[in-house]
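This report refers to the structure that appears directly beneath it.
Note that ligands are numbered from 1 as they come in the structure, with each ligand's atoms numbered from 1 the same way.
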Amino acid sequence: MSLVKLIDLPSFGDERGGLVAIESNQSIPFDVKRLYYIFKTSTKPRGFHAHIDLRQVAICLKGSCRFILDNGFVKEDVILDNPTQGLVIEGLIWREMHDFSEDCVLLVLASEHFTEQDYIRNYNEFLQVVNQPYIHPLSDVKSKNIGQKTKVWQYSVIFPQAVIGENCNICAHTMIENDVQIGDNVTIKSGVYVWDGITLEDNVFIGPSVTFTNDKTPRSKQYPDEFLKTVVEQGASIGANATILPGIRIGQNALVGAGAVVTKDVPEKAIVVGNPAIIKGYVK
Ligand code: T46
């Protein structure tokens with residue numbers, strides 16, 4: 001989706017001249033609490049900040065200027081030179097204004113009263129905020145070791161010592177215990193419990209309701225000194241409902257078929273299916 005959101009303002013111009021009518025919550029998509037205008041502009045650029053909560057519509061009443069909008073991943077440019085058009089700026093967007101014409105008059109309608117606390121004026125700080133992990137409010141996440149851009153969805157429980165890398169997707173209804181290492185770009189679909197002793201390396205995909213285990217002889221209230229270690233190596237994928245018995249290594253880029261019961265190590269790039277899982281071939 002483009003960062004540049006232009007709205008056409010209701011315009012009633014006729015042979016007598018132009019007339020634009022602006023109304024809160026109608027032509028403008030929020031309650032306008034403040035307006036300000038920038039005029040007698042110089043060639044110096046302005047802006048260079050983001051807002052945490054503010055929604056704004058910028059309208060160039062006279063002349064022109066160029067906005068750069070940046071969400072931390074992509075940057076887009078737009079020239080404002082039309083008083084019947086408004087640029088909506090909302091969400092965490094770094095904005096810069098350049099190339100003001102001498103006669104530029106820029107009107108900005110804002111959803112909140114002025115507060116300096118709402119500004120992020122340092123670009124690195126902005127990038128940190130944009131990239132911070134997204135933790136859904138209905139999850140229970142105790143770990144502080146969660147990488148940038150990782151998303152944790154509803155009803156996920158993450159224990160305090162778990163380590164999770166960057167850009168992972170931890171879907172709803174999952175649990176991740178303490179002695180767990182998860183690399184970058186890992187996807188864990190819903191209904192997966194990642195117990196103590198399990199490592200998922202970078203780019204691993206764990207399908208829905210995959211079952212991991214960590215004890216060959218489980219007895220209620222009896223705990224081994226250490227749980228058996230399972231490692232899913234880089235780029236491996238495990239299909240829905242597969243069961244991985246304890247202490248197993250699944251090799252790089254291997255593919256485990258849906259419903260397979262994996263009872264021994266899986267070599268690199270092997271495709272395994274069935275119960276007990278056997279090698280059906282190798283990925284190219
Ligand atoms: C934005 C872009 C498009 C106030 O006291 N009240 C106000 O309502 C405003 C807008 C500014 N100020 C003060 C804060 C600064 O001490 O005016 C001074 C200049 O503001 P700033 O340097 O932020 O101006 P610009 O042109 O760089 O940015 C402005 C808006 O501040 C900002 O919200 O999105 O226009």
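- Residue-ligand proximity, R34 to ligand 1, at heavy-atom distances under 4.0 Å covers atoms 7 (C), 8 (O), 9 (C), 10 (C).
- Shown in contact with M97 at under 4.0 Å from a heavy atom are these atoms of ligand 1, numbered in order with element: 2 (C), 3 (C), 26 (O), 35 (O).
- The distance between the ring centers of W94 and F48 does not fall below 6.0 angstrom.
- Taking 4.5 Å as the limit, some side-chain heavy atom of R66 sits within range of a side-chain heavy atom of D77.
- For ligand 1, the atoms closer than 4.0 angstrom to any heavy atom of R46 are 24 (O), 25 (P), 26 (O), 27 (O).
- The R121 neighbourhood of ligand 1 comprises atoms 22 (O), 23 (O), with distances under 4.0 Å to a heavy atom of that residue.
- Of all atoms in ligand 1, listed by their number and element, those nearer than 4.0 Å to a heavy atom of Q56 are 1 (C), 33 (O), 34 (O).
- Contacts of I89 with ligand 1, taken as heavy-atom pairs under 4.0 Å, are absent altogether.
- A salt bridge is absent between R46 and E96: the closest approach of a Lys/Arg side-chain nitrogen to an acidic carboxylate oxygen does not fall below 4.0 angstrom.
- Interface of H49 with ligand 1, defined as ligand atoms under 4.0 Å from a residue heavy atom, comprises 1 (C), 2 (C), 23 (O), 27 (O), 28 (O), 32 (C), 33 (O), 34 (O).
- Remark: ligand 1 atoms within the under-4.0 Å shell around heavy atoms of R95 are 34 (O).
- Counting the atoms of ligand 1 from 1 in the order shown, those under 4.0 Å from a heavy atom of Y36 are 1 (C), 2 (C), 3 (C), 10 (C), 29 (C), 30 (C), 32 (C), 33 (O), 34 (O), 35 (O).
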